[in-house]
Amino acid sequence: QVQLVESGGGLVQAGGSLRLSCAVFGMITNFNTMGWYRQAPGKQRELVADILSSGSTNYVDSVKGRFTISRDNAKKMLYLQMNSLKPEDTAVYYCNAASGVLSGYGINYWGKGTLVTVSS
């Protein structure tokens with residue numbers, strides 16, 4: 001049985017920074033892809049960034065140059081460094097681990113989310 005627990009969310013002013021963390025509890029045999037998703041009120045959940053076990057990363061265009069995803073496989077941790085935050089980044093951010101080669105595919109594990117609020 002696996003649990004993902006996010007932390008690091010909070011209230012920050014536009015232009016500020018936050019670092020989100022995701023800790024994996026329990027045993028995961030196959031989670032090739034880890035990613036961060038976010039969902040704003042009334043909006044569909046979207047993939048923000050993902051990272052393969054090899055270290056290869058992908059970002060949604062709206063966060064490129066501002067966000068950096070990283071993982072520490074030995075510590076079973078996933079991170080999202082968010083710089084130059086904008087009000088439109090406000091959302092609940094979810095950690096995901098998946099067995100597939102694409103984020104969200106195959107066997108999936110989800111965290112319960114951490115709220116990021118960016119004020120103007």
Side-chain angles (χ1 to χ4, degrees):
Q1 195 162 354
V2 174
Q3 288 186 329
L4 305 181
V5 181
E6 304 95 337
S7 63
L11 176 63
V12 65
Q13 292 185 346
S17 298
L18 286 173
R19 191 189 195 200
L20 304 184
S21 298
C22 173
V24 180
F25 295 89
M27 296 292 183
I28 297 179
T29 58
N30 292 297
F31 57 103
N32 296 315
T33 303
M34 299 191 72
W36 288 98
Y37 291 71
R38 67 185 180 187
Q39 187 168 22
K43 299 291 185 179
Q44 184 66 263
R45 184 180 300 179
E46 68 170 346
L47 174 65
V48 178
D50 61 28
I51 183 169
L52 304 183
S53 58
S54 65
S56 178
T57 60
N58 294 284
Y59 300 89
V60 67
D61 287 343
S62 61
V63 308
K64 284 185 176 179
R66 300 189 297 119
F67 291 9
T68 302
I69 188 171
S70 61
R71 64 191 289 174
D72 187 328
N73 292 327
K75 295 181 178 179
K76 295 184 177 180
M77 295 287 293
L78 178 71
Y79 306 97
L80 184 68
Q81 178 66 46
M82 305 185 294
N83 299 325
S84 301
L85 283 163
K86 304 174 181 179
E88 50 263 45
D89 294 319
T90 296
V92 176
Y93 284 71
Y94 298 91
C95 177
N96 171 268
S99 63
V101 296
L102 298 176
S103 181
Y105 285 80
I107 300 173
N108 276 273
Y109 302 93
W110 291 92
K112 294 181 179 180
T114 185
L115 177 62
V116 172
T117 303
V118 184
S119 62
S120 61

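- A donor-acceptor pair shorter than 3.5 Å cannot be found between the side chains of S53 and N32.
- Defined by atom type and a distance below 3.5 Å, a donor-acceptor pair is present between the side-chain atoms of S103 and Y37.
- Expressed to the nearest 0.5 Å, how far OG of S84 lies from CZ of F67 amounts to 9.0 Å.
- No single ILVMFWY cluster, assembled from side-chain heavy atoms under 4.5 Å apart, contains both L11 and M82.
- No more than 12 heavy atoms of other residues, nucleotides or ligands shown are found within 6.0 angstrom of CD on Q13.
- At least one side-chain heavy atom of N108 sits under 4.5 Å from a side-chain heavy atom of N96.
- Here the CG atom belonging to L47 is positioned 10.0 Å from the CZ atom belonging to R38, to the nearest 0.5 angstrom.
- Around CD of Q39, the count of heavy atoms belonging to other residues, nucleotides or ligands within 6.0 Å exceeds 12.
- Linking ILVMFWY side-chain heavy atoms closer than 4.5 Å, directly or via other members, places I107 and V2 in a single hydrophobic cluster.
- In this structure, the separation between CH2 on W36 and CG on L20 is 4.5 Å, given to the nearest 0.5 Å.
- Taking each heavy atom of A40 and A91 in turn, the nearest pair found is N-CB, 3.8 Å.
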Could you check T33 against L102 for side chain to side chain contact (heavy atoms under 4.5 Å, CB included), going step by step and ending with a plain yes or no?
-> CA-CA 7 Å; T33 303; L102 298 176; over 6 Å; no
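- Under the 4.5 Å side-chain heavy-atom criterion for grouping Ile, Leu, Val, Met, Phe, Trp and Tyr, V92 is not connected to V63 through any hydrophobic cluster.
- Connection of M34 to Y59 is established within a shared hydrophobic cluster, with ILVMFWY side chains joined at heavy-atom distances below 4.5 Å, either directly or through further cluster members.
- For T90 (side chain) and V118 (main-chain N/O), a donor-acceptor pair under 3.5 Å exists by modelled atom type.
- Rounded to the nearest 0.5 angstrom, E46 CD and Y94 OH are separated by 12.5 Å.
- Pairing each heavy atom of N83 with each of S17, the nearest pair is OD1-OG, 2.9 Å.
- Of the charged side-chain nitrogens involved, none lies within less than 4.0 Å of a carboxylate oxygen, so that E6 and K112 do not count as a salt-bridged pair.
- Taken from OH in Y79 to OG in S7, the straight-line distance is 9.0 Å, to the nearest 0.5 Å.
- Interatomic distance, L78 CG to C22 SG, rounded to the nearest 0.5 Å: 5.5 Å.
- By the criterion of side-chain heavy atoms lying less than 4.5 angstrom apart, applied directly or through intervening Ile, Leu, Val, Met, Phe, Trp or Tyr residues, V24 is not grouped with M77; the two fall into different hydrophobic clusters.
- Salt-bridge formation is not detected for the pair D89/K86: no Lys NZ or Arg NE/NH1/NH2 atom is positioned less than 4.0 Å from an Asp or Glu carboxylate oxygen.
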